[in-house]
Asker: 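Just dropping this structure here.
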There are 2 protein chains.
Amino acid sequence: MLPAERKRRIVELVTAADGRSVEALADELGYSKATIRRDLQELESQGLIERSHGGAVPVTSVGHEQAYGQKEVQNLEAKRAIAERAVEELTEGQVVFFDAGTTTMQVAQSAPKDGSMLAVTNSPRLAVELGKEENDVKLTGGTLRRRTRSLVGPTAESFLERTNFDLLFLGANAVDVETGLTTPNEEEARVKELMVKRASRVVLVADATKIGERSFVTFADLSDIDMFITAGEIDDETRERFEAEDVTVVVATPEAPTL
Amino acid sequence: MLPAERKRRIVELVTAADGRSVEALADELGYSKATIRRDLQELESQGLIERSHGGAVPVTSVGHEQAYGQKEVQNLEAKRAIAERAVEELTEGQVVFFDAGTTTMQVAQSAPKDGSMLAVTNSPRLAVELGKEENDVKLTGGTLRRRTRSLVGPTAESFLERTNFDLLFLGANAVDVETGLTTPNEEEARVKELMVKRASRVVLVADATKIGERSFVTFADLSDIDMFITAGEIDDETRERFEAEDVTVVVATPEAPTL
DNA sequence: ACCTTATGTTACCCGCTGAGAGAAAACGAC
DNA sequence: GTCGTTTTCTCTCAGCGGGTAACATAAGGT
């Protein structure tokens, strides 16, 4: 691969996924970490990306200094591992709903784009990602929430009241065995509640940092979930409580699967 | 093979594949690497390609990452000029609909993001652009058409049947005094028709290359338009016919205003 | 016959890449 | 907060492949 082409792809990968680790880039592009770092250095000086320990993130349009630390980049690794596992749940011809969120974005990136499914989402970003090649994509419509870049409100809700899905990839800010799945925003909770109701099978994707967290509004109980794909350290109590509700718990490992 | 022909094919090969190695070019064209390098040197000095260690890549329109992956925006200068003029039509507190399209994308990029308007669009890409800072953004929802990246179908239509806008920035593939505004796709035409109907004021943005073109389905007549902002050479007949229908015709000039 | 232009060959130079040692940063525990 | 550990970053060096330039050769034009 040509250096210029490699740099272009780095920018693509980093901006599309809200950041990527040096290791992941080295892995995916087949170059050493040293080379990736040199590229990142150059790309940063060109203002195309922003570096942080462990990787790089897209340029933040305004002040919105994110100051990604190592932890955030590690979470990216975890999300990628989750995504790799999650796409195994896809089967030909399904109608699949992708919830808005950074973890589901990773799932969308890993998903095949060969037209084998009908993808539906409430996130414009995921819509653009999912629609890259052959897939059919539908968007719920509605009001764009800035924080999460998801569509909410009456338009989104009325869409979800008249549609049905085979599979749902659901994200969550907070997963707790007592309060269930919670999120800070009421409108968003309402939309998530509807998508859970409308899906035959619900796959929750959330890294372990979300476990034990509680937020404002509950939108689903543990029993609403069919499968929980996570990464990192999951405590035994949580796992048992999920399994008591017949939820399949899968812990994805960030190890590179193919070498 | 003639040298000129070889150079032309090199440019083709390089641009088609997002880059190509010297070795591959030498191989495919049946010349030594030395000759290919000499060609690349010349082609680079002409600005037709960009060299990179081991080969060459297509020219990149100034750092802006967006240029990658998708086809570069044609007539970018004209569209920028149109956009600069178009945003002058915005006033505080309006509900503004942005039609999907490359020209309207430029308008969206030039538009203030200070929360002074409610932006509505049928393009996920424009939604992301418009929602960058403070503005409220709503999306119609619907099925994503791959070619134009716009949302169409029943969901989009039903949204447009119950909403109203103060201002519409409308794009068009083809503008002709006889056939009116036309587009190749029926579903898209239907959506455009509805947005025109729902807007109090319609501003058509289209560079002069669209004038005189005709496409399959008509979605608006000249009389539906309130203002036509264009750039380039507009013939007198077209201008007169528009003005006879009380359309304000504005020709934006691509001169850089600040240097 | 001579010159010009185009192409290939060769030898040397330079830039890219990857590996490793030391410095720096981030994280977790206290 | 501070400390120690771990990970990542920076820097340097060496190897390799591509780039450059000079030269040789061949073809076409004058």
Side-chain angles (χ1 to χ4, degrees), chain A residues 1-11 13-14 17 19-46 48-57 65-81 207-213 231-235 253-256 259, chain B residues 1-11 13-14 17-46 48-57 60:
Chain A
M1 191 187 306
L2 270 43
E5 191 185 349
R6 187 184 59 234
K7 285 167 197 153
R8 177 180 64 76
R9 292 197 54 192
I10 288 174
V11 174
L13 287 165
V14 168
R20 228 164 181 87
S21 69
V22 172
E23 188 159 8
L25 290 167
D27 219 43
E28 288 179 51
L29 300 172
Y31 284 82
S32 74
K33 288 188 263 190
T35 301
I36 298 296
R37 288 203 184 91
R38 273 187 282 253
D39 288 346
L40 293 180
Q41 210 159 27
E42 188 185 330
L43 292 169
E44 180 175 46
S45 76
Q46 289 175 25
L48 293 170
I49 56 163
E50 203 169 302
R51 291 188 73 185
S52 70
H53 268 268
V57 293
E65 287 281 332
Q66 301 220 22
Y68 275 70
Q70 192 179 20
K71 192 172 182 180
E72 278 75 9
V73 179
Q74 274 173 1
N75 277 349
L76 277 170
E77 283 304 291
K79 283 171 185 173
R80 205 163 140 253
D207 60 82
T209 62
K210 311 283 178 63
I211 296 173
E213 296 293 314
E233 292 295 316
I234 176 171
D235 60 297
T253 47
E255 255 75 62
L259 272 173
Chain B
M1 190 188 304
L2 268 45
E5 188 187 350
R6 187 184 59 235
K7 283 168 196 156
R8 184 180 57 75
R9 291 199 55 191
I10 288 174
V11 175
L13 287 165
V14 168
D18 268 2
R20 230 173 181 81
S21 69
V22 171
E23 189 158 8
L25 289 167
D27 220 42
E28 288 178 55
L29 300 172
Y31 286 80
S32 75
K33 290 191 256 189
T35 302
I36 299 296
R37 288 203 183 92
R38 273 187 281 254
D39 288 346
L40 293 180
Q41 212 158 26
E42 190 184 330
L43 292 168
E44 181 177 44
S45 75
Q46 290 173 26
L48 294 170
I49 55 163
E50 203 168 300
R51 294 187 71 184
S52 178
H53 211 78
V57 292
T60 60

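Per chain, numbering begins at 1; letters A, B, ... match sequence-line order.
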Asker: If you measure from CZ on A/Arg8 to CG on A/Leu2, what distance do you get to the nearest 0.5 Å?
Answerer: 10.5 Å
Asker: Which nucleotide in the set C/dG8, C/dG18, C/dT17 lies at the smallest distance from any side-chain heavy atom of A/Arg6?
Answerer: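 Of the candidates, C/dT17 comes closest.
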Asker: What is the separation between atom CD on A/Gln41 and atom P on D/dT12, rounded to the nearest whole Å?
Answerer: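 Distance check: A/Gln41 CD to D/dT12 P gives 12 Å.
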Asker: Specify the angle, to 10°, made by the local axes at the two ends of the helix from C/dA1-D/dT30 to C/dC30-D/dG1 when five pairs are taken at each end.
Answerer: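 Computed angle between terminal axes is 40°.
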Asker: Please give, in whole Å, the distance from C/dT17 C1' to A/Glu5 CD?
Answerer: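 After rounding, the reported distance stands at 17 Å.
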Asker: Quick check: does any side chain N or O of B/Glu44 sit under 3.5 Å from a backbone N or O of B/Arg51, one acting as donor and the other as acceptor?
Answerer: yes
Asker: Give the rounded distance in Å between these two atoms: CZ of A/Arg37 and P of C/dA24.
Answerer: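 After rounding, the reported distance stands at 16 Å.
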Asker: Is the closest side-chain heavy-atom distance between B/Ile10 and B/Leu48 below 4.5 Å?
Answerer: no
Asker: Any idea which of C/dG18, D/dC9, C/dT9 is nearest the A/Arg51 side chain?
Answerer: D/dC9
Asker: Are the side chains of A/Asp27 and A/Arg80 in touch, meaning some heavy atoms are under 4.5 Å apart?
Answerer: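 Yes, their side chains come closer than 4.5 Å.
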Asker: Whole-Å distance between C/dA6 P and B/Arg38 CZ?
Answerer: 10 Å
Asker: Measuring from the side chain of A/His53 (C-beta onward, heavy atoms only), which nucleotide among D/dC9, D/dG18, C/dT17 has the closest atom?
Answerer: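 Output: D/dC9.
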Asker: Give the nucleotide from the list C/dG8, C/dG18, C/dC16 with an atom nearest to the side chain of B/Tyr31.
Answerer: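 Nearest to the side-chain atoms of B/Tyr31, counting from C-beta on, is C/dG8.
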Asker: Would you indicate, yes or no, if C/dT7 has its OP1 or OP2 atom less than 4.0 angstrom from a side-chain nitrogen or oxygen of B/Ser32?
Answerer: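 No, outside the criterion.
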Asker: Rounded off to whole Å, could you give me the CG-to-C1' distance for the B/Leu40 and C/dA6 pair?
Answerer: 16 Å
Asker: For B/Lys33 and C/dT10, give me the distance from atom NZ to atom P, rounded to whole Å.
Answerer: 13 Å
Asker: To the nearest angstrom, how far is B/Ile36 atom CD1 from C/dG8 atom P?
Answerer: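 Checked: the CD1 to P distance equals 8 Å.
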Asker: Can you confirm whether B/Leu43 sits close enough to B/Val14 that some side-chain heavy atom of one is under 4.5 Å from a side-chain heavy atom of the other?
Answerer: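 Side chain of B/Leu43 against side chain of B/Val14, heavy atoms only: no contact under 4.5 Å found.
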Asker: Atom CE of A/Met1 to atom P of C/dG18: distance rounded to whole Å?
Answerer: 11 Å
Asker: Can you tell me how far CG of B/Leu40 sits from OG1 of B/Thr35, rounded to the nearest 0.5 angstrom?
Answerer: 10.5 Å
Asker: May I ask you to say whether B/Glu28 pairs ionically with B/Arg20, meaning some side-chain N is under 4.0 Å from a carboxylate O?
Answerer: yes
